[in-house]
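Letters A, B, ... mirror the listed sequences (proteins, then strands); counts begin at 1. Any value given below was found using the heavy atoms of this structure, including those in side chains, with hydrogens, waters and symmetry copies removed.
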Amino acid sequence: MSAPNRPISPLYLVLAFGYAFLYAPIVLLIFYSFNESRLVTVWAGFSTKWYGELLRNEQILNAAWLSLRIAFVTACVSTVLGTLAGFAIARYKRFPTRGAFLGLLSAPLVMPEVVLGLSLLLLFVALDSAIGWPSGRGATTVTIAHITFCLAFVTVIVQAKLASFDRSLEEAAMDLGAKPWKVFCVITLPLIAPALAAGWLLSFTLSLDDLVVASFTSGPGASTLPMVIYSSVRLGVSPQINALATIMISVVALFVLLSGWLIFRQDKARRG
Amino acid sequence: MKSRRKGSGPFIPWSALAPYLWLLLFFGAPLAIVLKISLAAPVMGQPPYTPLFEATKDGIEWLINWDNYLLLLDDPLYIAALLNSLKIAGISTLIALLIGYPMAYAIARAPESRRGILMMLVILPFWTSFLIRVYAWMSILSTTGLLNSFLLWLGVIDAPLEIIYTTFAIHLGIVYSYLPFMVLPLVATLSRMDMTLLEAAADLGAKPWQAFLRVTLPLSLPGILAGSLLVFIPATGEFVIPDLLGGPDALMIGKIMWTEFFSNRDWPVASALTVALLVLLVGPMIALQSARKRDANAETPQARGEAA
C-alpha cells in the first residue's frame, strides 16, 4: 500500500502515547537507580553507590547465580523437548490421541501460574512420599516446573517455523539417498535454527523471570532471584532493587536489540 | 507421495514420545492430584491431607470429603473473590483493548519498513522482568511516590492521593503488564486485512468511520477475541499484581489461593479453589484454542512471513 502519511499522522500520536505508557515506568526506574538518596522521590545527585552495595549483597548474588543455572538447564531441555513436540505436530497431522497432546501442549501457555505451581508442588510431595523422589524440593524441582511451561512456548515457535517451511530441500536430500535422521540433522535442523534460538532465549527469560511457580516448587535454601526480589519489594521500594532492575533490563535490551539486528541483516541479505 | 503417507499413522510418532510423557507426568498428573486433594481433609503432618481411599479387607474404601467445596460455597469470601477476580480481569481486558486497538491499528497501517521496529518496541517490555515492571509502578504510585510528588508540586492536589493499594492500581498494573498480549494478535489480524475492501467501501460512499465500523472492526474480531482472552485468562489468576499494588483487602482468587496455601497451610481448600478457578477458566481457554486454530487456518504462509 502506498497510502501517503496523511491518514497515519494522528495514529502516530496514539503510538507515542502507547509507547510512553509502556516505557515511562522503566525509564524512571533506571533514572532513580542512580539517585544518591534512599528515597525515591528526592533527587539527591548522581551516584552509583547502590550498584556497589548490590555487588556486595551475598544473598542477591547467590540467588542470581542459582536463577541463571536453573534458566540455562530449563532453556536447553525445553528447547529439545519443545522441538520434538513441534516437529511431531507439524509433520504428523493424524495420530492416536493427537488432540490430547495438543491440549497438553497449549494449556500451560494460558494456565494461571498459581495453578501450575500449586499442582506441581502437590505432585512433588506425593511422589516424594510414594517413591522417595524428589527428596525435598529445591533447584531440581524448580527446573522441572520451568521446563513444563517453557516447552509449550518452544513448541509454538518451532511449529510455526515448520509450517512455513519449504520441504522440497528435504525431499531432494531423501531422493539422493539420505536417511531420515540425516535429513533432519543436515537439512531441517539448520533451517529451523533461528526458531530454536528464539525458543531457547524465550525459555531462558521466562525461567529467569518466574516468581509464582518457583515459590511453590522451591524449598528452603533455594531462593531464586525473583523470590529474593519479591521478599525485598514487599517491604517497599529499595534503591538496590532499582540498580538490579537496571542491570537486568540493560542485559535483556541488549539481547533483544542484537537479535533484532541479526534478523534485520538476515532479511536484508535474503531480499538482496 | 512419501510425505503424505508419513502424515498419518496408527502410532504416536517417536518425536512426540518424550514431550508427551513429560507433559503427562508433570502437567496432567499434577492436575489429577489437585482434584484428588480437593476431596481430602486437612490433617497435621506430612503430607497434610488424608488419603482418598483405604485398602481394607473388603476391598477399597473411598474417603471422599466434600467439605472443601461446601466451604467454598458457604463462605462468602471465596465466592466474592472468584467474582471479583472475573470482574477485575474483565474490566482490565476492556481497558487494554481500548488502548491496544488504536496502537495495533497504527502499527498495522505504518509503512512496512517501520512495522518491524514498532512491533519490537511493543515486545521489548514483555522480555523484561514482569516483577520488575510491577515494582516500577510501586515507586510511581505510592503516597510518597513520583506521581503524587509531581501532582503536589503542580499544586493540583494538597494532600497525597491514595492510588496504590486500590483497585485502580490493580487495573493499571494488569493493563500495563498484559498490553503486549493484546496488541500482538491485533496487529497480526489487522495487517493481514485486504486493504482493497476499504477502497471499495469508500468508492461506494462510506465515510471513513463507517468503513471502520462495518469493514475493519468485523474483520478484526478474531484478533480482538484472541487478544482479550490472552489478557483475561492470566489476569483472572493473577497473584503478583494484586499482592504488590492492591491493598490487603484486594480479593483476588490467586492471592487467596496463595494465602490458603502458604499462610493457612490448608492444602485441601487451596486445591478446591484451584479446581474452581479451572472450571471458571476452562470455557475461555477452549475459546482461545479454537480462535487460534481458526486463525492458523486463515493464515496464508505469506502473511505469516510478513507478520513475523
Side-chain angles (χ1 to χ4, degrees), chain A residues 1 8 11-12 14-15 18-19 22 25-26 28-29 32 40-41 81 84-85 87-88 91-97 101 104-108 110 112-115 118-120 122-123 125-126 129 144 148 151 164 167 171 205 209 211-212 226 229-230 233 237 241 245 248-249 252-253 256 260, chain B residues 3 7-9 12-13 15-16 18-20 22-23 26-31 33-34 37 47 99 102-103 105-106 109 120-121 124-125 127-132 135-140 144-146 149 195 233-234 237 239-240 244 254 257-258 261 270 274 277-278 285 288-289 301 304-305:
Chain A
M1 284 308 294
I8 287 169
L11 286 176
Y12 273 117
V14 169
L15 273 185
Y19 289 127
L22 281 177
I26 298 175
L28 285 171
L29 191 87
Y32 277 94
V40 201
T41 42
L81 289 176
L84 288 172
F87 192 79
R91 289 296 162 81
Y92 298 88
K93 295 299 177 202
R94 261 208 290 273
F95 60 81
T97 66
F101 187 46
L104 279 175
L105 277 168
S106 54
V110 286
E113 292 167 309
V114 272
V115 175
L118 181 84
S119 61
L120 272 162
L122 296 179
L123 172 84
V125 171
S129 65
I144 290 173
T148 304
L151 100 83
S164 63
R167 296 196 62 181
E171 280 159 15
T205 321
D209 189 25
L211 164 73
V212 175
I229 295 177
Y230 172 71
V233 157
V237 175
I241 299 294
M248 287 166 70
I249 291 167
V252 167
V256 173
Chain B
S3 54
S8 63
I12 294 172
S15 54
Y20 210 152
W22 183 284
L23 287 169
F26 295 118
F27 186 70
L31 291 182
I33 290 176
V34 168
I37 293 176
I99 299 175
M103 281 183 78
Y105 191 87
R109 296 287 171 269
M120 202 164 99
L121 281 172
L124 191 59
W127 285 80
T128 60
S129 169
F130 178 79
L131 184 59
I132 294 290
Y135 165 72
W137 279 104
M138 287 179 72
S139 54
I140 295 174
T144 57
L146 294 166
S149 326
M195 294 299 286
I233 297 171
F239 162 74
V240 176
L244 291 181
M257 268 174 67
W258 183 284
F261 195 84
T274 308
L277 178 62
L278 278 178
M285 280 183 190
L288 178 65
Q289 188 60 23
R304 189 183 289 122

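To the nearest 0.5 Å, the span separating CG on A/L15 from CZ on B/R109 amounts to 12.5 Å. To the nearest 0.5 angstrom, B/F26 atom CZ is 13.5 Å from A/L104 atom CG. One finds the CG atom of A/L118 at 4.0 Å from the OG1 atom of B/T274 (value rounded to the nearest 0.5 Å). The CD1 atom of A/I26 sits 4.5 Å away from the OG1 atom of B/T128 when rounded to the nearest 0.5 Å. Put simply, CZ on B/F130 and CG on A/D209 are 8.0 Å apart, with the number rounded to the nearest 0.5 Å. Rounding to the nearest 0.5 Å gives a distance of 4.5 Å between CG of A/L151 and CG of B/L23.
For B/W127, the parts sitting under 4.5 Å from any heavy atom of chain A are the backbone and the side chain alike. Using a 4.5 Å cut-off between heavy atoms, B/L146 contacts chain A through both its backbone and its side chain. Heavy atoms of B/S129 lying under 4.5 Å from chain A belong to its backbone as well as its side chain. Looking at A/L22, the atoms closer than 4.5 Å to chain B (heavy atoms on both sides) sit in the backbone and in the side chain alike. B/I140 touches chain A through its side chain: at least one heavy atom from C-beta onward sits under 4.5 Å away, while N, CA, C and O do not. Heavy-atom distances place the side chain of A/L29, and not its backbone, under 4.5 Å from chain B. With a 4.5 Å cut-off on non-hydrogen atoms, A/Y32 touches chain B through its side chain but not through its backbone. Heavy atoms of B/M103 lying under 4.5 Å from chain A belong to its backbone as well as its side chain. Residue B/F239 touches chain A through its side chain alone, counting heavy-atom pairs closer than 4.5 Å. Contacts of B/I37 with chain A are made by side-chain atoms alone, with heavy-atom separations under 4.5 Å and no backbone atom involved. For a residue to count as touching a neighbouring chain, one of its non-hydrogen atoms must lie under 4.5 Å from one of that chain's; by this rule A/L28 touches chain B with the side chain only. The contact between B/M285 and chain A is made entirely by side chain atoms (from C-beta outward), counting heavy-atom distances below 4.5 Å. Of the atoms belonging to B/L131, heavy atoms from both backbone and side chain fall under 4.5 Å from chain A. For A/T205, the part lying near chain B is the side chain, with the backbone staying farther off; criterion is any non-hydrogen pair under 4.5 Å. With a 4.5 angstrom heavy-atom cutoff, A/L211 touches chain B only via side-chain atoms.
Annotation: side chain of A/Y92 is not in contact with side chain of B/I12 (no heavy-atom distance under 4.5 Å). Within the 4.5 Å cutoff, the side chain of A/V115 has heavy atoms near those of the B/L31 side chain. Looking at A/T97 and B/Y20, their side chains come closer than 4.5 Å, going by heavy atoms from C-beta outward. Using a 4.5 Å cut-off on side-chain heavy atoms (C-beta onward), A/V14 and B/Y105 make no contact. A heavy-atom distance below 4.5 Å is not found between the side chains of A/S119 and B/I33.
Among A/S106, A/A245, A/A85, A/P108, the residue with the largest count of heavy-atom pairs under 4.5 Å with chain B is A/P108. Looking only at heavy-atom pairs under 4.5 Å with chain B, the residue among A/L105, A/I229, A/L120, A/I249 that has the most is A/L120.
Evaluation of the side-chain hydrogen bond (donor to acceptor under 3.5 Å, both in side chains) rule for B/S139 yields no partner, not counting sequence neighbours.
Of all non-hydrogen atoms in A/V114 and B/G254, the two that sit nearest each other are CG1-O, 3.9 Å. The two residues B/A16 and A/A88 make their nearest non-hydrogen contact at CB-CB, 3.6 Å.
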